[in-house]
Amino acid sequence: MSKHDPNRVLIFDTTLRDGEQSPGCSMTPDEKLRVARALAELGVDVIEAGFPAASRGDWESVNAIARQVRGPVICGLARCNRDDIDKAWTAVRDAERPRIHVFLATSAIHREHKLKMAKEEIIRTAVEGVRLARSLCEDIEFSPEDASRTELDFLTEVVQAAVDAGASTINVPDTVGYTTPQEFLETFAHLRRHVRGAGQVTFSVHCHDDLGMAVANSLSAVLGGARQVECTINGIGERAGNCSLEEIVMAIRTREQVFGVHTAIQSQKLYPTCRLVSSITGMPIPRNKAVTGENAFAHESGIHQHGMLRHASTYEIMRPKDVGLSRTHLVLGKHSGRHAFRERVRELGFELDEAELNRVFERFKALADRKKELFDGDIEALVMKLDTESGGPWFLERLESGSKSGGDGHAHVVLRHADGRVAEQRANGDGPVDAAFKAIEDATGIRVKLRSFEVRSVSEGEDAQGEALVTVEYGGRTHRGSSVTTDIVESGVRAFLEVINRIELGRQSGRASADGRVDARAAQAAV
Ligand code: KIV
Ligand code: ZN
């Protein structure tokens, strides 16, 4: 990490911690590992892999990432207490470069209502937490939670105490998305002016998007001297989300003259990474999303099209290829060979090892038998679903479904469990998809409340593949699943089965959700 380059902004990705706390964005340990690998390829400087004290599952995921992902610093979150700090340390200590991130709320609202601690106690607890963490690990980050609503003098005092106790990164969170660009610039300028030893510390910014200003506030903090930005892929995170990684990176890059800084992100890998996280979390990228939305580079009006034909820069401030969005539509067909396929996968920004490439290529050939033409979207969908579709424990053996006009539908579903059981059910419903969902509920014994079922095409043509997104509620939590095939009923059924599998895995590990997010929230609420 180039700590000596004063104009380098470090990208700290918290998709796997703050992002995963977003409703319905839970990920299995394998999915987290896949995202962590993609983040390393993207070039992030720090991966916040999770909150190890939240649950055994969280600890294991953070530990697996620390052991297997090389390149970025791997960081674990902890409250200022021995148990959390020990767990964070044991989870990350095998990383090439481990970091412990300790946090404690500092605002009057949190002091009085949540922590019931006086200012002196806050300072003492923060110092003890940082010292303890520093006795285990060299790289310590400290966050005064709800910093943006903390009295500036007290914030400065806490930050000074944390720096003196050994924190080398001071993160200033706008926990509730309340600050404004001007206000945050002044906060950072104030801290850098008044904290002794500020020159030796990396100041970091962490913004939430409750008022839609997370990216703007983070950029302002950079102008105020922050040299680490905490952000998430697709901006996922608590409530309205966090600062979006792809947006801040492209803002810094596109307006380099204004901000005078740079990052080490491989921007052409942004889109594939965003698609991967979207497909794993089942949270679609909105069409009009800045930088990566389907419409971000589409020009509809005649005047714009005319300008674009003359010169792309008339209406485009970034090139699609800079963010990994390909303009090529028709790509490959049934007769395309492995070599051409490998090249296309690479051009789309994916790095696959030989075994992965073989698996995707097999699926590509199978799809090419059913579909006349294959588009970039099809290949992306095949790569995205590489690890996510066959995880089990329930597998779809057979699906037969049909419908009559008037909405009546019927389905016959045969499922096989990893433990060898075979479950077969028939059901009727309001259309074939509804009938199949009922049959799956009967077969698995897991009853959920369906919140939404959406289908969108991932490519073009009458035989385009349909991506189904299913959102359900179970045990007071939101769960999402997604799947892509050329048959939309089958897509829906596979997406539904993915949700059922997440729930079943969560039940097996004795938690209310598959990822321990329940525990994480309860733990955070108890701080
Ligand atoms: O939003 C926040 O304050 C956080 C801290 C734990 C850094 O996520
Ligand atoms: Zn946060």
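Just follow the structure's listing: the first ligand is 1, and inside any ligand the first atom is 1. Only this structure's heavy atoms are used, side chains among them; waters, hydrogens and symmetry mates stay out.
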- [ ] For ligand 1, find out whether one of its N or O atoms is nearer than 3.5 Å to an N or O atom of Thr175.
- [x] yes

Task: Nitrogen or oxygen of Ser143 less than 3.5 angstrom from that of ligand 1 - done: no

- [ ] Mind listing the closest non-hydrogen atom pair of Glu246 and Gly235 along with its distance?
- [x] OE2-N, 4.2 Å

Task: Arg111 charged N/C atom sitting above Phe154 aromatic ring, 6.0 Å / 45° - done: yes

Task: Close approach, Arg17 and ligand 1, non-hydrogen under 4.0 angstrom - done: yes

TODO: Please say whether more than 12 non-hydrogen atoms of neighbouring residues, nucleotides or ligands are located less than 6.0 Å from CZ in Arg70.
DONE: yes

- [ ] Looking only at non-hydrogen atoms, find the nearest pair between Trp89 and Cys137 and report the distance.
- [x] CZ3-CB, 3.5 Å

Task: Short N or O distance, His101 and ligand 1, threshold 3.5 Å exclusive - done: no

Task: Glu138 CD: over 12 foreign heavy atoms closer than 6.0 Å - done: no

TODO: State the atoms of ligand 1, each with its element, that fall below the 4.0 Å cut-off from a heavy-atom position in His208.
DONE: 1 (O)

Task: ligand 1 N/O within reach of Asp18 N/O, cut-off under 3.5 Å - done: yes

Open item on the list: Once you measure the plane-to-plane angle for Phe188 and Phe184, does it fall in the parallel (<30°), tilted (30-60°) or perpendicular (>60°) bin?
Closed with: perpendicular

TODO: Please check if any side-chain donor atom of Asp30 sits under 3.5 Å from a side-chain acceptor atom of Thr28, or the reverse.
DONE: no

Open item on the list: Checking contacts here: is it the side chain or the backbone of His206 that comes within 4.0 Å of ligand 1, counting heavy atoms only? Could be both or neither.
Closed with: side chain

Open item on the list: Please report, to 10°, the angle around the Zn ion (ligand 2) from atom NE2 (His208) across to atom NE2 (His206).
Closed with: 100°

- [ ] Check each atom of ligand 1 against the heavy atoms of Glu145 and keep those under 4.0 Å away; list them by number with element.
- [x] 3 (O)

- [ ] Verify the distance test for Glu238 against the Zn ion (ligand 2): any N/O/S atom under 2.8 Å, yes or no.
- [x] no

Open item on the list: So which atom in Gln268 and which in Lys321 form the shortest heavy-atom distance, rounded to 0.1 Å?
Closed with: CB-O, 3.6 Å

- [ ] Return the name of the atom in Asp18, of element N, O or S, nearest to the Zn ion (ligand 2).
- [x] OD2

